[in-house]
Participant: 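Shown below is the structure under consideration.
These values consider heavy atoms only, across backbone and side chains, with no hydrogens, waters or symmetry-generated copies. Computed from a predicted model, the values in this text were never measured in an experiment. Just so it is clear: chains get the letters A, B, ... in the order the sequence lines come, proteins before strands, and each one is counted from 1.
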Amino acid sequence: APPEWDWRNKGAVTNVKNQGMCGSCWAFSVTGNVEGQWFLKQGTLLSLSEQELLDCDKMDKACLGGLPSNAYSAIKNLGGLETEEDYSYQGQMQACNFSAEKAKVYINDSVELSHNEQKLAAWLAKKGPISVAINAFGMQFYRHGISRPLRPLCTPWLIDHAVLIVGYGNRSDIPFWAIKNSWGTDWGEQGYYYLHRGSGACGVNTMASSAVVE
Amino acid sequence: APAPTKPRGAGAEAWGPPSPALLEPARFALEMYNRDRAPGTQAVLRAVRGRVRQADQGSLYSLEASLEEPPCNDPTVCQLPVSKKTLLCSFEILDELGKHMLLRRDCSPVDTKVTDGKNQTLSSVISLLNKGPLSKDFSMQMLSVFKNFLTTYNRTYESKEETQWRLSIFINNMVRAQKIQALDQGTARYGITKFSDLTEEEFRTIYLNPLLREDPGKKMRVAKPVGDP
């Protein structure tokens, strides 16, 4: 892996979004990944619809939570994702209003990624932003800097939040993952969370995945 | 609320009769503690001690109280069939022109076993996060910090009681953030965020995703590792 990488500088990442009072992080994590994959294959960055997943992905539970692996299947089975503009976010489940004619993006498959953070970094630099799930310990009060909670407090088996890794690097020799969150720009570092890289902090390496666009 | 002079809590055995001046703030603290609880599920006050200090905004009461929770008999609600539980609580209450405001509330069971803190076990660290003394000055400072929070995040609440409740959550959260800060091994800073007036339970329920830990989900094929660029 290169020593540092940031897909934000390369136009592969849309603006930070806000899930509101709804446990829909899984949808934002997945659309962020698909936005990146589509950009890398097609050269166009489109902001994609989370609301379509809340309404139409019947394997998941909208604001009560969901799984990226189910969401990839739903996108594939539905026939694609509409854009944010065409199917805008409401922050609560509504009747499915997906229209195949309006779908702008499709995926062919989804893959599970390595638990090795060095390999994850290499994959990210070559293939694009990665959907991950983490233990959100401390994030209620996070303001800035690189978070590295004590392991007993942020155990990898209590995963409860899905986010998107968009880059990595080092700050004063401390390695970090740059993580796009979905709690608006008035949280964290303009909506981003920086988590220690290389120690399996908060289970960041346990549920890494990506859509495949061919 | 009954206030017998003989406390049952192990840590409160030496307590004497409560000063009459403490009874009113103690009743207020108990009322706040039992807020939103149905009759029959409310804790009762067993003993109280404390002191009062005159502050700019009024009188500041620092109370230590022994509360007794009723036994839980409803199997659809109780996690375990438990007997009566005694709690030791510390409250800080501001009395401003006869109006009470709960600034701080910390309660823990009297039989809590605290580890020696040398081993970094989950229980010892959680204990550290949830307990610890607060100075009175800290609570007073928090009052003005809370007012700034309300302005910054444009918060309004439905009633004075709700505002008081949110203030006590906010203060507890600030203590919690300080302790998370102290235990962080990176460079992160923790403090006031737009979620600072939510209990941990509210935050988890509203913003997080419990399915991630409960359901393994659909098995995906494993990606091929990338080659050397």
Participant: Below 4.5 Å from any heavy atom of chain A, which atoms of B:Lys219 appear? Answer side chain, backbone, both or neither.
Facilitator: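 For B:Lys219, the contact with chain A is made by the side chain alone.
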Participant: Counting neighbours of CG on B:Asn154 that are heavy atoms of other residues, nucleotides or ligands and sit closer than 6.0 Å, is the number greater than 12?
Facilitator: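 No.
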Participant: Highest number of heavy-atom pairs under 4.5 Å with chain B: which of A:Tyr194, A:Tyr72, A:Trp183?
Facilitator: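 Between A:Tyr194, A:Tyr72, A:Trp183, the count favours A:Trp183.
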Participant: More than 12 heavy atoms of other residues, nucleotides or ligands under 6.0 Å from NZ of B:Lys99: yes or no?
Facilitator: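 Check fails, neighbour count at 12 or below.
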Participant: Give, as side chain, backbone, both or neither, the part of A:Ser114 having an atom under 4.5 angstrom from any heavy atom of chain B.
Facilitator: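 For A:Ser114, neither part sits under 4.5 Å from chain B.
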Participant: More than 12 non-hydrogen atoms from neighbouring residues, nucleotides or ligands closer than 6.0 Å to CD on A:Gln94, yes or no?
Facilitator: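 For A:Gln94, atom CD is crowded (more than 12 foreign heavy atoms under 6.0 Å).
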Participant: What closest approach, in Å, do B:Met220 and A:Ser69 show between heavy atoms, and which atom pair accounts for it?
Facilitator: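 Looking at all heavy atoms of both residues, the shortest contact is CE-CB, 3.9 Å.
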Participant: Please state whether the side chain, the backbone, both or neither of A:Ala122 comes within less than 4.5 Å of a heavy atom of chain B.
Facilitator: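 Both backbone and side chain of A:Ala122 come within 4.5 Å of chain B.
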Participant: Should we say atom NZ of A:Lys119 is surrounded by more than 12 heavy atoms from elsewhere, each under 6.0 Å from it?
Facilitator: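 No, NZ of A:Lys119 has 12 or fewer neighbouring heavy atoms, counting only those of other groups under 6.0 Å.
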Participant: Where does A:Leu158 contact chain B at under 4.5 Å (heavy atoms): side chain, backbone, both or neither?
Facilitator: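 Both backbone and side chain.
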Participant: Quick check for you: to the nearest 0.5 Å, what is the distance between B:Asp184 atom CG and A:Cys154 atom SG?
Facilitator: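 Taking CG in B:Asp184 and SG in A:Cys154, the distance rounds to 9.5 Å.
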Participant: Under a 3.5 Å distance rule, please check whether A:Arg143 uses its side chain to pair with a backbone N or O of B:Ile192 as donor and acceptor.
Facilitator: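 The answer is yes, because a donor-acceptor pair under 3.5 Å joins these two groups.
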Participant: Within the supplied structure, the quantity of interest is the number of heavy atoms (other residues, nucleotides, ligands) at a distance under 6.0 Å from A:Lys61 NZ; does it exceed 12?
Facilitator: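 No, because the 6.0 Å sphere around NZ of A:Lys61 holds 12 heavy atoms or fewer from other groups.
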Participant: Looking only at heavy atoms, what is the nearest atom pair of A:Gln140 and B:Glu200, with distance?
Facilitator: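 Minimum heavy-atom separation between A:Gln140 and B:Glu200: OE1-CA, 4.1 Å.
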Participant: Assess the residue pair B:Tyr207 and A:Cys25 against the criterion (side-chain contact (heavy atoms from CB on, under 4.5 Å)); give the C-alpha distance rounded to whole Å, side-chain angles, the decisive distance to 0.1 Å, and a yes or no.
Facilitator: CA-CA 8 Å; B:Tyr207 294 98; A:Cys25 56; over 6 Å; no
Participant: Please confirm whether the backbone N or O of A:Gly23 pairs with a side-chain atom of B:Asn209, one donor and one acceptor, at under 3.5 Å?
Facilitator: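 Between the backbone of A:Gly23 and the side chain of B:Asn209 there is no qualifying donor-acceptor contact (under 3.5 Å).
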Participant: Minimum heavy-atom separation for A:Ser147 to B:Ala188, with atom names?
Facilitator: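 What the structure gives for the nearest pair is CA-CB, 3.5 Å.
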Participant: Please classify the contact of A:His161 with chain B as side chain, backbone, both or neither, using a heavy-atom distance under 4.5 Å.
Facilitator: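 It is both, since atoms from each part get that close.
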Participant: Got a second to check how far A:Met139's CE is from B:Tyr190's OH, nearest 0.5 Å?
Facilitator: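 Atom-to-atom, A:Met139:CE and B:Tyr190:OH are 9.5 Å apart.
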Participant: Given that the side chain runs from C-beta out, which part of A:Phe176 has a heavy atom under 4.5 Å from chain B: side chain, backbone, both or neither?
Facilitator: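 Neither part.
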Participant: Kindly check if the number of other-residue, nucleotide or ligand heavy atoms within 6.0 Å of CZ (A:Arg8) is above 12?
Facilitator: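 Check passes, neighbour count above 12.
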Participant: Of the backbone (N, CA, C, O) and the side chain (C-beta and beyond), which part of A:Ala125 lies under 4.5 Å from a heavy atom of chain B, both, or neither?
Facilitator: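 No part of A:Ala125 comes within 4.5 Å of chain B.
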Participant: Taking all heavy atoms of B:Leu211 and all of A:Leu67, pick out the closest pair and write down the distance.
Facilitator: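 That would be O-CD2, 3.7 Å.
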Participant: Tell me, side chain or backbone of A:Leu195 under 4.5 Å from chain B's heavy atoms, or both, or neither?
Facilitator: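 No part of A:Leu195 comes within 4.5 Å of chain B.
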Participant: Identify the heavy atoms of A:Trp157 and B:Arg213 that sit nearest to each other, and give their distance.
Facilitator: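 So the minimum-distance heavy-atom pair works out to O-CB, 4.3 Å.
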Participant: Check the surroundings of atom CG in B:Asn148: do more than 12 heavy atoms from other residues, nucleotides or ligands lie under 6.0 Å from it?
Facilitator: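 It does: B:Asn148 CG has more than 12 such atoms within range.
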Participant: Given heavy-atom pairs under 4.5 angstrom as the criterion, report whether the side chain, backbone, both or neither of A:Asp109 touches chain B.
Facilitator: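 Side chain only.
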Participant: Nearest heavy-atom pair of A:Asp160 and B:Leu208: which atoms, and what distance?
Facilitator: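 Distance-wise, the nearest heavy atoms are O-CB, 3.4 Å.
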Participant: Heavy-atom pairs under 4.5 Å with chain B: which of A:Ala133, A:Gly138, A:Ser210 has the most?
Facilitator: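 Between A:Ala133, A:Gly138, A:Ser210, the count favours A:Gly138.
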Participant: Who among B:Thr187, B:Thr205, B:Thr193 has the most heavy-atom pairs with chain A under 4.5 Å?
Facilitator: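 Highest number of pairs under 4.5 Å: B:Thr187.
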Participant: Between B:Ala177, B:Gly191, B:Pro210, B:Gly186, which shows the greatest number of heavy-atom pairs under 4.5 Å with chain A?
Facilitator: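 Result: the option with the highest number of such pairs is B:Gly191.
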Participant: Run the side-chain contact (heavy atoms from CB on, under 4.5 Å) test on A:Phe141 and B:Asn173 for me, step by step, so that the C-alpha distance in whole Å, both residues' side-chain angles and the decisive distance to 0.1 Å come before the verdict.
Facilitator: CA-CA 8 Å; A:Phe141 309 118; B:Asn173 279 341; 3.5 Å; yes
Participant: Please classify the contact between A:Met207 and chain B as side chain, backbone, both or neither, with a heavy-atom cut-off of under 4.5 Å.
Facilitator: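 Interface part for A:Met207: side chain.
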